[in-house]
Amino acid sequence: MILKRHIPFLKAVFYYTISAFGGPQGHLGMMIRTFVEKRKDVTQDELMEYVAFCQMLPGASSTQTVTLIGYKRGGIPLAILTLLIWLTPACILMGAFSFAVLYVNEFHVSLDIFKFIQPMAIGFIAFAALKMYRTLVNNTVTFLIMLIGGIATFLFFKTPWIFPVLIVLGGIVTNFSKKRFPEHVKITPKHIRWTNIWLFLLIFVIVGYFSELARKQNWQNKRVFNLTENTYRYGSLVFGGGDVLMPMMYEQFVVRKKTQYMSPQEYLTGWGLVRAIPGPVFSVSSYMGGLVLRGSGIPLHLLGCLIGSIFIFLPSALLVLFFYPVWYNLKRYAVIHRSLEGINAVVVGIMVAAFFFLMKDINIWDFSTISILNVLSVVGTFCLLTFTRIPAPLIVLGCLILGILF
């Protein structure tokens, strides 16, 4: 009966999942459209708080954000269901691609259908940035924080420490104000589940121990244990999203002589494919896991996809569900309340920087048909989101059709 009450929300999560292109920054625009404007599951201020908080944690930030939306609506059970709906389609697709990668490489299968997806995602980022700017940047201090944060993010976009450092500094700056915690706001403390953090640490130790034991004793299926440890470690320690995960996996699975499980071409094909499908970028781990265990038969290949899917997202879930109640309980103190103003301004700066950083990677300057269509995809997506109520999946479908026609 309780689940039945949440079915409309879970359906909305599914529709969001199959249309969420463009990585964490692009996902935010769709979250605003789906969960703030259309359904009102969270307010824009709550969503911005979730985004800022998740930027301070390692792991998949957009995954953690959508998990918190489920947590806010229905506690831990709904958070877990939301997480499963969010990651399953992308992980299935990327796992399937690990079987089909030879056909993509050898038969030169065209991915041109996706060529206007990145410009569309940039349009979503512009929409989200403008919405956030209007709400969160409302004085000289927050404007300067946004400006400096945006410039620093643009210059060091692929540096893992830039996001948590800027967020902490933004919170420190606005603590010099005399803003007090509003007396009319009452915060009911949330229960802190210590099991989550102990489970996170216990799994970290166990997978590390068995991986090292399998390596030293040269177990027959040592790759299974090594893959589990590698994947869980990435999910536990990576700040900065896919741009940081990519070189770490490359060094582990392509460069190291003892663990050269795939060619550079196969590796880069996986990253190209994950950018072309909806859902979390970290789902690329399903593809990598499949390739690591592909030489041992179909059952182990499937196991590799499963390990890649579970252990890349498990740390993110355990960390966010432990630390968010801690953060929520701390909000009753003025120092935390004042910091939110600066933290939110930094998030706006990150979004603005993401817009310009991604714009430099698409062709918009040579006045060819493709460059004109790229510009139209960015501007058209932004205008449709800003001035119409057209659902996000239809905008995605339109860009896919554009890719087929041109």
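FYI, side chains are in, hydrogens and waters are out, and symmetry mates aren't considered; it's all heavy atoms of this structure.
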Check whether any side-chain heavy atom of [X] lies under 4.5 Å from a side-chain heavy atom of [Y], and answer yes or no.
{"X": "Phe282", "Y": "Thr63", "result": "no"}
{"X": "Leu166", "Y": "Ile148", "result": "no"}
{"X": "Ile197", "Y": "Leu318", "result": "no"}
{"X": "Glu229", "Y": "Glu212", "result": "no"}
{"X": "Glu266", "Y": "Arg294", "result": "yes"}
{"X": "Ile362", "Y": "Val378", "result": "yes"}
{"X": "Val320", "Y": "Trp327", "result": "no"}
{"X": "Pro315", "Y": "Tyr232", "result": "yes"}

Residues Asn175, Ser339; criterion side chain to side chain donor-acceptor pair (under 3.5 Å); working and verdict: CA-CA 6 Å; Asn175 255 288; Ser339 71; 4.6 Å; no
Take atom [atom1] of [X] as the centre, draw a 6.0 Å sphere, and report whether it contains more than 12 heavy atoms from other residues, nucleotides or ligands.
{"X": "Leu405", "atom1": "CG", "result": "yes"}
{"X": "Phe143", "atom1": "CZ", "result": "no"}
{"X": "Trp198", "atom1": "CH2", "result": "no"}

Search all heavy atoms of [X] against all heavy atoms of [Y] and return the closest pair with its distance.
{"X": "Leu87", "Y": "Pro280", "answer": "CA-CG, 4.2 Å"}
{"X": "Phe406", "Y": "Ile370", "answer": "O-CD1, 3.9 Å"}
{"X": "Ala79", "Y": "Thr67", "answer": "CB-O, 3.6 Å"}
{"X": "Asp41", "Y": "Arg39", "answer": "OD2-NE, 2.7 Å"}
{"X": "Leu384", "Y": "Arg33", "answer": "O-NH1, 4.0 Å"}
{"X": "Leu319", "Y": "Ser236", "answer": "CD1-O, 4.4 Å"}

Steps toward side chain to side chain contact (heavy atoms under 4.5 Å, CB included) verdict (Ile69, Phe9): CA-CA 10 Å; Ile69 295 173; Phe9 169 73; 3.8 Å; yes
Distance, nearest 0.5 Å, that separates [atom1] of [X] from [atom2] of [Y]:
{"X": "Leu397", "Y": "Ser19", "atom1": "CG", "atom2": "OG", "result": "11.0 Å"}
{"X": "Phe200", "Y": "Phe323", "atom1": "CZ", "atom2": "CZ", "result": "8.0 Å"}
{"X": "Leu402", "Y": "Ser377", "atom1": "CG", "atom2": "OG", "result": "5.0 Å"}
{"X": "Leu136", "Y": "Asp45", "atom1": "CG", "atom2": "CG", "result": "6.0 Å"}
{"X": "His6", "Y": "Leu78", "atom1": "NE2", "atom2": "CG", "result": "5.0 Å"}
{"X": "Leu227", "Y": "Leu303", "atom1": "CG", "atom2": "CG", "result": "8.0 Å"}

If we ignore hydrogens and angles and just use 3.5 Å, is the side chain of [X] paired with the main-chain N or O of [Y] as donor and acceptor?
{"X": "Thr174", "Y": "Gly342", "value": "yes"}
{"X": "Ser283", "Y": "Gly279", "value": "no"}
{"X": "Thr34", "Y": "Met31", "value": "no"}
{"X": "Gln55", "Y": "Ala52", "value": "no"}
{"X": "Glu341", "Y": "Gly171", "value": "no"}

Residue from Leu385, Leu400, Thr388 passing side-chain contact (heavy atoms from CB on, under 4.5 Å) with Ile395: Leu385
Ring centre gap for [X] and [Y] strictly below 6.0 Å:
{"X": "Tyr324", "Y": "Tyr50", "result": "yes"}
{"X": "Phe14", "Y": "Trp86", "result": "no"}
{"X": "Tyr250", "Y": "Tyr267", "result": "yes"}

Lys360 to Phe357 six-membered ring, cation-pi geometry met (6.0 Å, 45°): yes
Worked check of side chain to side chain contact (heavy atoms under 4.5 Å, CB included) between Ile32 and Glu37: CA-CA 6 Å; Ile32 291 174; Glu37 295 183 344; 4.2 Å; yes
From CA spacing to verdict: side chain to side chain contact (heavy atoms under 4.5 Å, CB included), Val254, Ser263: CA-CA 6 Å; Val254 180; Ser263 68; over 6 Å; no
Ring geometry between His27 and Tyr16 (parallel below 30°, tilted from 30 to 60°, perpendicular above 60°): perpendicular
Short side-chain donor-acceptor distance under 3.5 Å, Asn139 and Thr142: yes
Check against side chain to side chain contact (heavy atoms under 4.5 Å, CB included), Phe116 and Ile401: CA-CA 9 Å; Phe116 295 113; Ile401 293 172; over 6 Å; no
Inter- and intrachain pairs under side chain to side chain donor-acceptor pair (under 3.5 Å), touching residues 299-315, at least two apart: Ser98-His301, Ser286-Ser309
